[in-house]
Number of protein chains: 2
Amino acid sequence: MPRQGKEGRKIDGARLPERFGRARAAQAMALTEDYVELISDLIAEFGEARIADIAQRVGVTHPTATKAIARLKREGLASSRPYRGVFLTDAGAALAERVRARHRIVVDVLVAIGVPRETAELDAEGMEHHVSDATLKAFKAYLRKKA
Amino acid sequence: MPRQGKEGRKIDGARLPERFGRARAAQAMALTEDYVELISDLIAEFGEARIADIAQRVGVTHPTATKAIARLKREGLASSRPYRGVFLTDAGAALAERVRARHRIVVDVLVAIGVPRETAELDAEGMEHHVSDATLKAFKAYLRKKA
DNA sequence: AAAATAATGAAGCATAGGCTACATTTATTA
DNA sequence: TAATAAATGTAGCCTATGCTTCATTATTTT
C-alpha cells in the first residue's frame with residue numbers, strides 16, 4: 001500500500017484531533033463536576049459533607065474519595081482539615097450551582113422531547129457534562145418556546 | 001459531629017452509586033466506540049485504516065493508537081497483522097454502524113431543537129455515548145413527528 | 001539496488017483513578 | 001473514663017491511557 005510520501009493526503013479540516021481532545025478534557029471535568037455537585041447536595045441535606053458519605057454515594061472506597069477531594073482542593077474548589085468534613089470554596093459552590101442548573105435543563109429538554117422522566121435523569125447524568133454553553137442556550141430557548 | 005452509629009442514616013435509594021458506576025463504564029465504552037467508528041470511516045474513505053492515520057485523527061501518538069487497537073483486538077472488534085492496516089471484525093463493523101446511526105440521530109435532534117449544526121456536531125461527539133436505547137427510541141419518535 | 005523516508009513495533013516512564021491493608025484519630029457507649 | 005466503633009489518613013499496588021525514545025520493517029526515490 002502506498003505511504004504518504006511528500007504529497008501525502010492531509011487530514012480533513014473538519015476532523016481535526018481537537019474533536020477528541022475535547023472528549024478527554026470533558027471527561028476529566030465530569031468527575032470534578034460530579035463531586036462538587038455531590039458535596040453541595042450533602043451539605044444542603046446534612047449540613048456537612050463527609051468523606052465516608054461522599055465515597056458511599058459515588059460508589060468508591062474512601063481512599064479514592066480522599067484522592068478526589070485532594071484534587072478539588074488543589075483546584076481551589078474545596079477545602080477541608082484533617083478528620084473534619086469537606087466544604088466548597090466560593091468557586092466550588094458556584095460551579096455546583098451551574099452544574100445543578102444545567103442538569104435540570106438537560107432533563108427538562110429530554111422530557112419535553114418525550115424521554116421518560118426516569119430515563120432522562122439517568123442519561124442526563126452522563127450527557128450534561130458535554131453540553132456546551134451554546135447548546136445550553138439553545139436548550140433554554142427551546143424550553144421557553146415550549147412553555 | 002455525630003457519627004452514624006448503629007442507627008446511622010442510610011443512602012437514599014434514588015441516589016445509589018449505580019448512577020456513578022454507569023458513568024465510569026460509559027466512559028470506557030466511549031473510547032472504544034470512537035476508535036471503531038474512526039476505523040470504519042478510514043476504511044470507507046481510503047480502503048484501509050492505518051495506525052498512523054488513526055493516531056493522527058484521534059490526536060494521539062502512534063504508540064497510543066497501537067495500544068488502543070490492541071484492546072479492540074482483545075475485545076474481538078478489530079484485527080490486524082504486523083505492519084499491515086487495521087480491520088474491523090463483523091462485531092466491530094456492526095458496532096461502528098450502530099454508533100454512526102446514533103450519532104446522526106443525536107445531531108439531528110439537537111439541530112431540530114435549535115442548536116447550530118456545527119455546535120451540534122461537536123457536542124454530539126461527547127453526548128452520544130451516554131444516550132441509552134430508551135432515549136434513542138424517544139429521539140427517533142421525536143424526529144418522525146417533527147418531519 | 002541502495003539510500004532515504006515513512007510506518008510500525010517495543011520498552012519504559014508518567015499520571016489518574018481505582019483498590020486493599022493497616023495506622024491513627026474521633027466519637028459513642030458501656 | 002475506658003473500651004469499642006466509626007471515620008479518616010497513609011502507603012502501596014493495579015490498570016488504563018497518555019507520552020518519549022529507539023529499533024525494525026516497508027515503501028519510495030534516487
Side-chain angles (χ1 to χ4, degrees), chain A residues 1-11 17 20-35 38-39 42 46 48-75 78-87, chain B residues 1-11 17 20-35 38-39 42 46 48-75 78-87:
Chain A
M1 287 290 153
R3 300 303 164 99
Q4 281 201 196
K6 285 177 175 147
E7 289 292 318
R9 68 214 189 210
K10 293 295 191 308
I11 277 266
F20 293 90
R22 273 171 58 94
R24 285 193 293 275
Q27 171 210 319
M29 190 61 186
L31 248 192
T32 295
E33 291 179 347
D34 283 342
Y35 271 99
L38 173 55
I39 292 167
L42 287 170
F46 301 114
E48 64 174 348
R50 307 172 63 159
I51 292 287
D53 292 333
I54 293 169
Q56 191 183 6
R57 286 226 186 162
V58 176
V60 297
T61 57
H62 76 85
T64 297
T66 299
K67 274 194 197 177
I69 301 305
R71 188 161 59 76
L72 295 186
K73 286 166 74 172
R74 273 202 309 278
E75 294 168 356
S79 67
S80 76
R81 294 195 337 276
Y83 294 96
R84 286 274 103 74
V86 178
F87 296 92
Chain B
M1 286 288 153
R3 301 302 166 98
Q4 282 201 194
K6 286 179 175 148
E7 289 291 319
R9 69 211 186 212
K10 292 296 193 306
I11 276 267
F20 294 91
R22 271 172 58 93
R24 284 194 294 276
Q27 172 210 319
M29 190 60 186
L31 248 193
T32 295
E33 291 179 347
D34 283 342
Y35 271 99
L38 173 55
I39 292 167
L42 287 170
F46 301 113
E48 63 174 348
R50 307 172 64 159
I51 293 288
D53 292 333
I54 293 169
Q56 191 182 10
R57 287 226 185 158
V58 176
V60 297
T61 57
H62 74 85
T64 298
T66 299
K67 274 194 196 174
I69 301 305
R71 187 163 59 76
L72 295 187
K73 286 166 76 172
R74 273 204 308 278
E75 292 168 356
S79 68
S80 76
R81 294 195 335 275
Y83 293 97
R84 288 274 105 77
V86 178
F87 296 92

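Values below: every heavy atom of this structure, side chains too, minus hydrogens, waters and symmetry copies. So that the names make sense, note that chain A is the first sequence line, chain B the second, and so on, each numbered from 1.
- Atom-to-atom, CD1 of A:I69 to P of C:dG18 comes out at 12 Å; the value is rounded to the nearest Å.
- One can place CD1 of B:I54 at 15 Å from P of D:dT17, the figure rounded to the nearest angstrom.
- Between A:M29 atom CE and A:D34 atom CG the span is 10.5 Å, to the nearest 0.5 Å.
- Proximity note for A:A52 (side chain, C-beta onward) versus D:dT17, D:dT8, C:dG18: the nearest is D:dT8.
- Taking the side chain to side chain contact (heavy atoms under 4.5 Å, CB included) definition, one finds that A:A65 meets it with A:I51, A:I54, A:A55, A:V60, sequence neighbours left out.
- Note that CG of A:L31 and CZ of A:R71 are 6.0 Å apart. Values are rounded to the nearest 0.5 Å.
- In terms of the side chain to side chain contact (heavy atoms under 4.5 Å, CB included) criterion, residue partners of A:L72 (sequence neighbours excluded) are, by chain and number, A:T32, A:Y35, A:V36, A:I39, A:I69, A:E75, A:L77, A:A78.
- The OH atom of B:Y35 sits 9 Å away from the P atom of D:dT17 (whole-angstrom rounding).
- Applying the side chain to side chain contact (heavy atoms under 4.5 Å, CB included) criterion to A:S79, with sequence neighbours excluded, gives A:F87.
- One atom, CD of A:Q27, and another, P of C:dG17, lie 8 Å apart when rounded to the nearest Å.
- Each end of the helix from C:dA1-D:dT30 to C:dA30-D:dT1 gets its own axis, taken as the rotation carrying the C1' atoms of four end pairs onto the next four within a five-pair window, and the two axes meet at 0° to the nearest 10 degrees.
- Residue B:R50 places at least one side-chain N or O closer than 4.0 Å to OP1 or OP2 of C:dT8.
- Residue B:R71 contributes atom CZ, which lies 8 Å from atom P of D:dA16 at whole-angstrom precision.
- Rounded to an integer number of Å, the gap from NZ of A:K73 to P of D:dG9 is 7 Å.
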Please enumerate all protein N or O atoms sitting under 3.5 Å from an N or O of nucleotides 9-12 of chain C, with distances to 0.1 Å.
unit_1	atom_1	unit_2	atom_2	d
C:dG9	OP1	B:Y83	N	3.3
C:dG9	O6	B:H62	NE2	3.4

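- The interatomic distance linking A:Q56 (CD) with C:dG18 (P) rounds to 16 Å, in whole Å.
- When the side-chain hydrogen bond (donor to acceptor under 3.5 Å, both in side chains) test is applied to A:K73, the partners found at least two apart in sequence or on another chain are A:S80.
- For B:Q27, there are no side-chain hydrogen bond (donor to acceptor under 3.5 Å, both in side chains) partners, not counting sequence neighbours.
- Side-chain nitrogen and oxygen atoms of B:T64 include none within less than 4.0 Å of the OP1 or OP2 phosphate oxygen of D:dT17.
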